[in-house]
Amino acid sequence: MVLVDSTFDNPEDVPLVWIEGWAKDMFVASKKKLKADILIFDESNGDGVFKARNKATKKWGMYQSLGENDLTTLIPAKYDSIRFFGYNSKYTAVYNKGKVGMHLSYWSYNENTKLSVPCIYEDYKNFDADGVLKLAMKKDGKWGWVNWLTGKEESEFKYETLDDLPYPYYKQAIWIED
């Protein structure tokens with residue numbers, strides 16, 4: 001079983017890939033179907049979620065498969081790297097050309113899942129503001145607030161540090177309105 005193609009110059013370049021025995025056939029089938037050279041299983045969940053890198057484009061996507069013939073695209077293969085979703089998270093970080101953006105969760109938004117915050121920021125930090133998840137992002141070396149559902153910048157980007165950010169009073173919706 002090959003989950004990672006043997007195209008590495010040095011042994012330390014080979015990513016460590018752990019896979020449960022029950023998922024072997026599913027991973028092999030998914031690797032072939034996606035034309036991927038690397039698959040990385042989300043070890044923290046057991047729900048068949050994995051990242052796959054397209055062999056030709058070297059772009060990453062995220063998928064879920066619970067059987068050999070069952071494959072759902074959670075995030076299309078358009079990114080240089082992707083973070084796995086946290087438990088019940090509404091979004092996750094995706095990266096292109098050294099910049100970070102946010103992609104909505106398929107489980108929360110189904111067919112409305114999308115890149116909600118473009119990959120134009122240098123860094124990010126999640127905050128709990130009285131029980132509401134708020135997103136601070138860094139652009140041109142300065143911090144500001146961004147609505148993670150719409151991508152709208154909710155403040156000026158003029159704050160040197162995260163501690164300098166004012167309280168985020170803007171309304172952060174969590175559902176896409178019809």
Side-chain angles (χ1 to χ4, degrees), residues 1-126 133 135-140 146-151 176:
M1 171 181 71
V2 177
L3 295 180
V4 178
D5 288 357
S6 56
T7 58
F8 299 93
D9 295 328
N10 301 303
E12 60 272 7
D13 294 337
V14 178
L16 295 175
V17 179
W18 171 254
I19 182 170
E20 297 287 338
W22 63 266
K24 180 182 77 105
D25 292 338
M26 176 270 295
F27 263 47
V28 171
S30 296
K31 182 175 182 277
K32 183 176 182 179
K33 185 174 187 175
L34 294 169
K35 298 179 179 141
D37 61 351
I38 301 174
L39 296 177
I40 300 175
F41 187 71
D42 183 357
E43 295 178 41
S44 66
N45 288 317
D47 59 359
V49 172
F50 62 93
K51 299 186 282 191
R53 187 176 77 172
N54 180 281
K55 188 173 186 172
T57 67
K58 302 299 184 205
K59 296 291 186 174
W60 288 90
M62 190 180 303
Y63 308 89
Q64 183 177 35
S65 182
L66 298 173
E68 288 182 57
N69 298 318
D70 176 33
L71 184 66
T72 302
T73 299
L74 305 177
I75 299 176
K78 297 180 179 180
Y79 303 99
D80 296 336
S81 66
I82 298 174
R83 293 187 62 118
F84 282 115
F85 287 98
Y87 180 73
N88 284 338
S89 182
K90 301 282 187 211
Y91 60 90
T92 194
V94 293
Y95 298 83
N96 265 332
K97 299 179 182 172
K99 301 287 184 172
V100 64
M102 298 296 155
H103 201 285
L104 296 178
S105 164
Y106 176 84
W107 301 291
S108 295
Y109 301 105
N110 298 308
E111 68 276 350
N112 292 317
T113 188
K114 63 181 179 179
L115 179 70
S116 60
V117 177
C119 296
I120 60 171
Y121 298 94
E122 298 154 16
D123 200 0
Y124 75 98
K125 173 94 171 120
N126 292 312
L133 185 63
L135 177 66
M137 299 202 78
K138 188 176 187 180
K139 182 171 77 171
D140 299 326
V146 175
N147 183 313
W148 54 261
L149 185 64
T150 65
I176 297 173

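Only heavy atoms go into these numbers, but all of them, side chains included; no hydrogens, no water, no symmetry mates.
To the nearest 0.5 angstrom, Thr73 atom OG1 is 9.0 Å from Tyr106 atom OH. Between atom NZ of residue Lys55 and atom NZ of residue Lys35 there is a gap of 11.5 Å, rounded to the nearest 0.5 Å. For the atom pair OG of Ser65 and CG of Leu39, the computed distance is 10.0 Å after rounding to the nearest 0.5 Å. Within the model, atoms CD1 of Ile176 and CG of Leu149 stand 5.5 Å from one another, a figure rounded to the nearest 0.5 Å. One distance of note links CD1 of Ile75 with CG of Leu115; it measures 9.0 Å at 0.5 Å rounding. Remark: Asp123 CG to Lys138 NZ distance equals 6.5 Å, nearest 0.5 Å.
Salt-bridge formation is not detected for the pair Asp37/Lys31: no Lys NZ or Arg NE/NH1/NH2 atom is positioned less than 4.0 Å from an Asp or Glu carboxylate oxygen.
Between Lys33 and Leu71, the shortest heavy-atom distance links the atoms CD-CD2, 3.8 Å. Residues Val94 and Cys119 approach most closely at O-SG, 3.6 Å, considering heavy atoms. Minimum interatomic distance between Leu74 and His103 (heavy atoms only, all atoms of both residues): O-CE1, 3.8 Å.
When side chains are defined from C-beta on, Tyr79 does not count as touching Met62, because their heavy atoms never get closer than 4.5 Å. A 4.5 Å side-chain heavy-atom check between Tyr121 and Lys99 finds every atom pair outside the cut-off. The side-chain heavy atoms of Trp148 and Leu104, taken from C-beta on, include a pair separated by under 4.5 Å. Here the side chains of Asp42 and Phe85 are not in contact, with every heavy-atom distance at 4.5 Å or above. Counting heavy atoms from C-beta outward, Glu122 and Val100 have side chains that stay 4.5 Å or more apart. Between Trp60 and Asn54 there is no side-chain heavy-atom pair separated by less than 4.5 Å.
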(message) Checking Val117 against Thr150 for the side chain to side chain contact (heavy atoms under 4.5 Å, CB included) test, could you report, in this order, the C-alpha distance in whole Å, the side-chain angles of both residues, the deciding distance, and whether it holds?
(response) CA-CA 7 Å; Val117 177; Thr150 65; over 6 Å; no
(request) Decide side chain to side chain contact (heavy atoms under 4.5 Å, CB included) for Met102 and Met137; before the verdict, give the C-alpha distance in whole Å, the side-chain angles of both, and the deciding distance to 0.1 Å. (result) CA-CA 10 Å; Met102 298 296 155; Met137 299 202 78; 4.0 Å; yes
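Relative to the ring axis of Tyr109, Lys114 does not place its NZ or CZ within 45° and under 6.0 Å from the centre.
Crowding of Lys139 atom NZ: a count of heavy atoms from other residues, nucleotides or ligands under 6.0 Å exceeding 12.
For Tyr63, the ring pair (Phe, Tyr, Trp, His ring centres under 6.0 Å) partners two or more places apart in sequence, or in a different chain, are Phe50.
Listed by first then second residue, pairs satisfying side chain to side chain donor-acceptor pair (under 3.5 Å) with a partner in residues 87-98 read Lys59-Asn96, Tyr91-Asn126, not counting sequence neighbours.
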